[in-house]
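Handing you this structure, nothing more for now.
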Amino acid sequence: MRSPQTLSEADRRRVAAWAADCAERVLEVFETEAPDDDRPRQLIARARAFARGELNTAEEIRRRFVGGVSANDVKAPAAAAAARAAGQAVAVCHMGAHALGAAAYAVRAAGLANQHRPEAVEEEIRWQLKRMSAEVRAALRSLPPVGENSSGPLGPGLLASGQLGAIVRELQGRLTKTASQ
């Protein structure tokens, strides 16, 4: 049985591009700490190639964990969050709900990197919402609310709890509003 968090292949390809945009926006946070580590950049490039239809879905599902960054590979929490955003973006090939994970980790990275600017979190969320096409917005709106379906990344767990859960809830709550929100 297919999970409601999967999305169609066409929708996964659409949301992969948006997820890559979200992750790329905070990539500098990771690269500042680890300038010689191109793994997150490579993950984002794969997410973009998947979005363009250049990569095979089944092969990318098998490769989705290749090139990931361990939590121990960087010290700064903001850099780790930026790396996780890239990992979530490349995982969209498997399940569309990972796009919201990429967005949430990107918001977290932006907030941690700009702790002296509390408005950075809201600014990042607004940027992400404005960056969505109508098709991406419709696809993400079709996902179950975070924490309510256990068959994917939006189930009870990391993306449903703490700051990440609050970010995903905020994004999902604002998906029905206009792109200017």
### Task
Following the transitive rule for hydrophobic clusters with a side-chain heavy-atom cut-off under 4.5 Å over Ile, Leu, Val, Met, Phe, Trp and Tyr, establish whether Trp18 and Leu143 coincide in one cluster.
yes
### Query
So do Gln163 and Val107 actually touch side chain to side chain, heavy atoms under 4.5 Å?
no
### Query
Does the pair Glu33/Lys75 count as a salt bridge with the N-to-O cut at 4.0 Å?
no
### Any side-chain heavy-atom pair of Asn114 and Glu119 under 4.5 Å
no
### Task
Determine, using the 4.5 Å side-chain heavy-atom cutoff (strictly less than), whether Val136 and Ile125 are members of one ILVMFWY cluster.
yes
### Task
Measure across Ala109 and Ala82 and return the closest heavy-atom pair with its distance rounded to 0.1 Å.
CB-N, 3.6 Å
### Task
Compare every heavy atom of Gly96 with every heavy atom of Val15, then report the nearest pair and how far apart it is.
CG2-O, 4.1 Å
### Task
May I ask you to check whether Glu135 and Ser133 show a side-chain donor-acceptor distance below 3.5 Å?
yes
### Message
Could you measure the distance from the CD atom of Glu31 to the CG atom of Asp36? Nearest 0.5 Å is fine.
### Response
10.0 Å
### Query
Is there a side-chain contact between Met132 and Leu175, using heavy atoms and a 4.5 Å cut-off?
yes
### Message
Tell me whether Arg12 contacts the main-chain N or O of Met95 through its side chain, where contact means a donor paired with an acceptor under 3.5 Å.
### Response
no
### Query
Quick one: CD on Glu24 to CG on Leu43, what's the gap to the nearest 0.5 Å?
12.5 Å
### Query
Can Arg174 and Glu122 be counted as an ion pair, charged N to O under 4.0 angstrom?
yes
### Query
So, Arg169 side chain and Ala160 main chain: donor-acceptor pair closer than 3.5 Å or not?
yes
### Query
Mind checking whether Asp37 and Phe30 have side chains closer than 4.5 Å, heavy atoms only?
yes
### Summary
Here the pair of heavy atoms bringing Gly53 nearest to Arg13 is CA-NH1, 3.2 Å
### Task
Would you name the heavy atoms of Ala20 and Ala47 that are closest together and state the gap between them?
CB-CB, 4.1 Å
### Query
Where the side chain of Gln172 meets the backbone of Val146, is there a donor-acceptor pair that is under 3.5 Å apart?
yes
### Query
Hey, is CD on Glu9 packed in by over 12 heavy atoms from elsewhere, all under 6.0 Å?
yes
### Task
Using a strict 4.0 Å threshold on nitrogen-to-oxygen distance, state whether Asp38 and Arg41 make a salt bridge.
no
### Arg137 side chain vs Leu129 backbone, donor-acceptor pair below 3.5 Å
yes
### Query
Given side chains that start at C-beta, do those of Ser3 and Asn149 come closer than 4.5 Å, heavy atoms only?
yes
### Query
So if you build clusters from Ile, Leu, Val, Met, Phe, Trp, Tyr with side-chain heavy-atom gaps below 4.5 Å, do Leu140 and Val92 land together?
yes
### Query
Does Glu124 reach the side chain of Val121, with side-chain heavy atoms less than 4.5 Å apart?
no
### Minimal non-hydrogen separation, Ala89 against Ala102, with atom names
N-CB, 3.7 Å
### Task
Keeping the roles fixed (side chain from Gln128, backbone from Ala103), state whether a donor-acceptor pair exists under 3.5 Å.
yes
### Message
Assess whether a salt bridge exists between Arg117 and Glu123, defined as any Lys/Arg side-chain N lying under 4.0 Å from an Asp/Glu carboxylate O.
### Response
yes
### Query
If you group Ile, Leu, Val, Met, Phe, Trp and Tyr by side-chain heavy-atom gaps below 4.5 Å, do Leu164 and Val26 land in one group?
no
### Message
Is the shortest side-chain heavy-atom distance between Leu154 and Glu148 below 4.5 Å?
### Response
no
### Query
Looking only at heavy atoms, what is the nearest atom pair of Gln5 and Gly152, with distance?
OE1-C, 3.2 Å
### Query
Looking at Trp127, does the NZ or CZ of Arg25 lie under 6.0 angstrom from its six-membered ring centre and within 45 degrees of the ring axis?
yes
### Query
Does one hydrophobic cluster hold both Val168 and Leu7, with members joined at side-chain heavy-atom distances below 4.5 Å?
yes
### Task
Begin with the C-alpha distance, continue with both residues' side-chain angles, and end with the deciding distance and a verdict on salt bridge (charged side-chain N to carboxylate O under 4.0 Å, His left out) for Glu54 and Arg48.
CA-CA 9 Å; Glu54 297 168 4; Arg48 289 196 188 290; over 6 Å; no
### Task
Side-chain contact test, heavy atoms from C-beta onward, threshold under 4.5 Å: evaluate it for Ile167 versus Tyr105 and give yes or no.
no
